[in-house]
Q: 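Take a look at the following structure, please.
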Amino acid sequence: AQTVTQSQPEMSVQEAETVTLSCTYDTSESDYYLFWYKQPPSRQMILVIRQEAYKQQNATENRFSVNFQKAAKSFSLKISDSQLGDAAMYFCAYRSAEGAQKLVFGQGTRLTINP
Amino acid sequence: DSGVTQTPKHLITATGQRVTLRCSPRSGDLSVYWYQQSLDQGLQFLIQYYNGEERAKGNILERFSAQQFPDLHSELNLSSLELGDSALYFCASSVGEVPGTEAFFGQGTRLTVV
């Protein structure tokens, strides 16, 4: 079974600075998808960024980018120019490319933005 | 707004009772997923339906059941409720079974068992 680990329960960063959230995963599959979801106080789960395992190029969405290291099974999220609205719980998630389409989530990292 | 609607938003009930949580997926989405978010277990996959049929099961208790109706809305039934069932229950939907397609989440139903 696949597992996802987020080793940082909490992180904080100054507004306008850059922060990196860590995620590692364990799988025997060669094809899969990785996601970062944001959960603000409103509780809504919002997709931040997605990475296909077969793509070597790291995904980027505006101020959000990932560092995908397939061999190391690492998938970190970098947030540049942090804004107050980025404060939330961030979840790393794994989805197989075949079979069940369920998401396997990490335990989450609570990100605080200091003004 | 994700387009996924969950009702009710909040639910308080007593131990031993039965409740039904409802989910309306995004227009055109055939797959519905149910997740439970609790403080000690994190976000756990419960069950998936695709076009009315059960597709995958996670760590769903026997006291819990779900179904997806012909109009594609889904209901999660929780019975013989225990204090430990208190959690945030999310529904998510996606277009189908195409790998990697985004799952859109509803705002969740906060269940409190007292």
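Chain letters run A, B, ... following the sequence lines, proteins first, then strands; residues in each count from 1.
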Q: Are L84(A) and Y90(A) in one and the same hydrophobic cluster, where Ile, Leu, Val, Met, Phe, Trp and Tyr link if side-chain heavy atoms are under 4.5 Å apart?
A: yes
Q: Tell me whether L81(B) shares a hydrophobic cluster with L21(B), the cluster being built from Ile, Leu, Val, Met, Phe, Trp, Tyr side chains joined at under 4.5 Å.
A: yes
Q: Nearest 0.5 angstrom please: Q44(A) CD to F104(B) CZ, how far?
A: 10.5 Å
Q: Under 4.5 Å from any heavy atom of chain B, what part of E52(A) do you find: side chain, backbone, both or neither?
A: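 For E52(A), no heavy atom lies under 4.5 Å from chain B.
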Q: Measure distances from Y32(A) to the heavy atoms of chain B and classify the residue's part below 4.5 Å as side chain, backbone, both or neither.
A: neither
Q: Test of understanding: clusters of I, L, V, M, F, W, Y form through side-chain heavy atoms closer than 4.5 Å, transitively. Do V104(A) and L77(A) belong to the same one?
A: yes
Q: Tell me, for Y35(B) versus chain A, whether the close heavy atoms (under 4.5 Å) come from the side chain, the backbone, both or neither.
A: side chain
Q: For A103(B) versus R95(A), what's the shortest heavy-atom pair and its separation?
A: CB-NH2, 3.5 Å
Q: Same cluster for V48(A) and L111(A) if Ile/Leu/Val/Met/Phe/Trp/Tyr side chains link at under 4.5 Å?
A: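 They do share one cluster, since a chain of ILVMFWY contacts under 4.5 Å joins V48(A) to L111(A).
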Q: Taking every non-hydrogen pair under 4.5 Å, which of M45(A), K102(A), Q39(A), R43(A) racks up the most with chain B?
A: R43(A)
Q: With only heavy atoms counted, which part of L43(B) is less than 4.5 Å from chain A, the side chain, the backbone, both or neither?
A: both
Q: A quick test of your reading: do over 12 heavy atoms of other residues, nucleotides or ligands sit less than 6.0 Å from CD1 of I12(B)?
A: no
Q: Should we count CZ of R63(A) as having more than 12 external heavy atoms under 6.0 Å?
A: yes
Q: Find out if a path of hydrophobic residues (ILVMFWY) with successive side-chain heavy-atom gaps under 4.5 Å connects V32(B) to I60(B).
A: yes
Q: Atom CG in L47(A), atom CZ in F105(B): separation rounded to 0.5 Å?
A: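 L47(A) CG to F105(B) CZ: 9.5 Å, rounded to 0.5 Å.
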Q: Check each atom of Q44(B) against the heavy atoms of chain A and say whether the ones under 4.5 Å are side chain, backbone, both or neither.
A: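 No part of Q44(B) comes within 4.5 Å of chain A.
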Q: Rounded to the nearest 0.5 Å, what's the gap from OH on Y37(A) to CD on E102(B)? Could you check?
A: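 Between Y37(A) OH and E102(B) CD, I get 5.5 Å after rounding to 0.5 Å.
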Q: Is there any residue in residues 69-80 of chain B with a non-hydrogen atom under 4.5 Å from a non-hydrogen atom of chain A, and which ones are they?
A: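 Checking residues 69-80 of chain B against chain A gives no residue, so none.
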